[in-house]
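Worksheet: the structure to be examined is printed underneath.
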Amino acid sequence: MIVETERLQLREMSVHDLPALRAIMQDEETMVAYQGAFTDAMVVGWLDRMLARYRDEGIGLWAVLLRGTGQMIGQCGLTRQRILDEDVVEVGYLFNRSFWHHGYATEAAAACRDHGFGELGAERIYAQVRDTNIASMNVAIRLGMTVRGRFVKHYRGVDMPHLAFAVDRPAGTVPHDASRGSTS
């Protein structure tokens, strides 16, 4: 496990997660911010990119599991993105519609935000949210994020206005490695 919360466990995805990933990414309503549902090939490509991110960057979107059942209900994690002409650490979240309105996205994203500050030593964590996605904006706000700017992403043949939400590492907190002190 990468991260655990009271109700959730987050771990790297694998090919065994494809059925749950398809259930999320092939649902039209869930994927409205991505301009519609993904094809099988797009879902496999998405998973392949996450597996490459784990290998190359040590981070990516992780499978979100219910602690009691182990059922994959979404994906949430940290990725490196280009936002406002800057390379940043971003928290992303995408959940099966059956599990919306239970606070899971906020719980998972808060754990990922804290992991980014504590384990990665990030000074700031971003969330890029399409300007029509009110639910994701609300998650970002619950994470303590504020809008830092606007930008347009060109995706699937469409220009999509986005908001760049971000939160800075709280004053007085130090990255996990720095808190251990020097051993020399």
Side-chain angles (χ1 to χ4, degrees), residues 2-3 5-10 13 17 20-38 42-43 45-47 49-50 53 59-66 71-117 120 122 124-169:
I2 309 263
V3 175
T5 69
E6 182 180 331
R7 301 182 297 167
L8 306 171
Q9 296 176 315
L10 283 70
M13 287 187 276
D17 296 313
L21 202 54
R22 283 187 183 106
I24 296 165
M25 301 187 84
Q26 293 183 329
D27 179 77
E28 284 292 335
E29 187 174 344
T30 299
M31 297 302 290
V32 72
Y34 287 83
Q35 206 62 27
F38 279 26
M42 292 168 76
V43 174
W46 179 276
L47 179 60
R49 284 190 302 281
M50 289 310 125
R53 282 181 164 157
I59 56 175
L61 295 182
W62 300 306
V64 178
L65 313 173
L66 286 176
Q71 178 183 5
M72 182 178 164
I73 63 169
Q75 53 184 322
C76 183
L78 302 168
T79 59
R80 298 196 191 284
Q81 299 286 335
R82 186 88 178 153
I83 298 175
L84 302 176
D85 296 321
E86 193 177 342
D87 293 322
V88 302
V89 175
E90 187 234 6
V91 62
Y93 34 89
L94 188 58
F95 281 76
N96 185 306
R97 189 164 35 103
S98 301
F99 296 93
W100 290 1
H101 308 296
H102 296 283
Y104 295 129
T106 301
E107 185 174 333
C112 290
R113 175 204 59 206
D114 295 347
H115 180 80
F117 289 143
L120 300 181
R124 179 175 290 157
I125 305 285
Y126 279 84
Q128 57 184 327
V129 181
R130 192 165 176 186
D131 71 350
T132 56
N133 192 339
I134 302 301
S136 285
M137 287 181 207
N138 287 332
V139 171
I141 290 165
R142 286 185 200 105
L143 295 177
M145 295 181 164
T146 57
V147 175
R148 306 296 175 95
R150 297 174 181 272
F151 63 101
V152 175
K153 289 181 75 167
H154 188 76
Y155 187 68
R156 296 179 83 175
V158 177
D159 285 335
M160 300 180 187
H162 279 67
L163 298 173
F165 283 85
V167 61
D168 296 326
R169 183 173 37 197

ask   = Quick one: which of D17, L47, V43 gives a side chain to side chain contact (heavy atoms under 4.5 Å, CB included) with R22?
value = V43
Measure the [atom1]-[atom2] distance between [X] and [Y] for me, rounded to the nearest 0.5 Å.
X    : Y    : atom1 : atom2 : value
F117 : R124 : CZ    : CZ    : 9.0 Å
I141 : I134 : CD1   : CD1   : 8.5 Å
I2   : I59  : CD1   : CD1   : 10.5 Å
L163 : R148 : CG    : CZ    : 13.0 Å
E90  : Y93  : CD    : OH    : 8.0 Å
M13  : R53  : CE    : CZ    : 10.0 Å

I'd like to check [X] versus [Y] (side-chain heavy atoms, cut-off strictly below 4.5 Å). Are they in contact?
X    : Y    : result
L66  : F99  : yes
V129 : H162 : no
R82  : D87  : yes
M145 : V91  : yes
W100 : E29  : yes
R130 : Q35  : yes

ask   = Which side chain to side chain donor-acceptor pair (under 3.5 Å) pairs, counting each pair once, include a residue from residues 134-145, with sequence neighbours left out?
value = N133-S136
remark   = Residue set satisfying side-chain contact (heavy atoms from CB on, under 4.5 Å) with L94, at least two apart, ordered chain then number -> I24, M25, T30, M31, Y34, Q75
Minimal non-hydrogen separation, [X] against [Y], with atom names:
X    : Y    : result
A105 : V139 : CB-CG2, 4.1 Å
A127 : A140 : CB-CB, 4.4 Å
C76  : A108 : SG-C, 3.7 Å
A122 : I125 : CB-CD1, 3.7 Å
L61  : G92  : CD2-O, 3.6 Å
C112 : L78  : O-CD1, 3.5 Å

query = Quick check: does any side chain N or O of E107 sit under 3.5 Å from a backbone N or O of R7, one acting as donor and the other as acceptor?
reply = yes
query = Is the backbone of V167 close enough, under 3.5 Å, to the side chain of R113 for a donor and an acceptor to pair up by distance?
reply = no
request  = Please work out which of the three classes, parallel, tilted or perpendicular, describes the rings of W46 and F38, given edges at 30° and 60°.
outcome  = perpendicular
inquiry  = Counting only heavy atoms not in R150 (residues, nucleotides, ligands), do more than 12 fall under 6.0 Å from its CZ?
reply    = no
inquiry  = For the NE2 atom on H101, are there more than 12 heavy atoms of other groups (residues, nucleotides or ligands in this structure) within a distance under 6.0 Å?
reply    = no
task = Please step through side-chain contact (heavy atoms from CB on, under 4.5 Å) for the pair I73 and Y104, ending with a clear verdict.
result = CA-CA 9 Å; I73 63 169; Y104 295 129; 3.7 Å; yes
inquiry  = T132 vs M160, test: side-chain contact (heavy atoms from CB on, under 4.5 Å). Steps then yes/no.
reply    = CA-CA 9 Å; T132 56; M160 300 180 187; over 6 Å; no
key: Residues R80, V89; criterion side-chain contact (heavy atoms from CB on, under 4.5 Å); working and verdict   = CA-CA 5 Å; R80 298 196 191 284; V89 175; 3.4 Å; yes
key: Working for side-chain contact (heavy atoms from CB on, under 4.5 Å), residues F95 and H102   = CA-CA 11 Å; F95 281 76; H102 296 283; over 6 Å; no
note = Applying salt bridge (Lys or Arg N to Asp or Glu O under 4.0 Å) to R49 and not counting sequence neighbours gives none
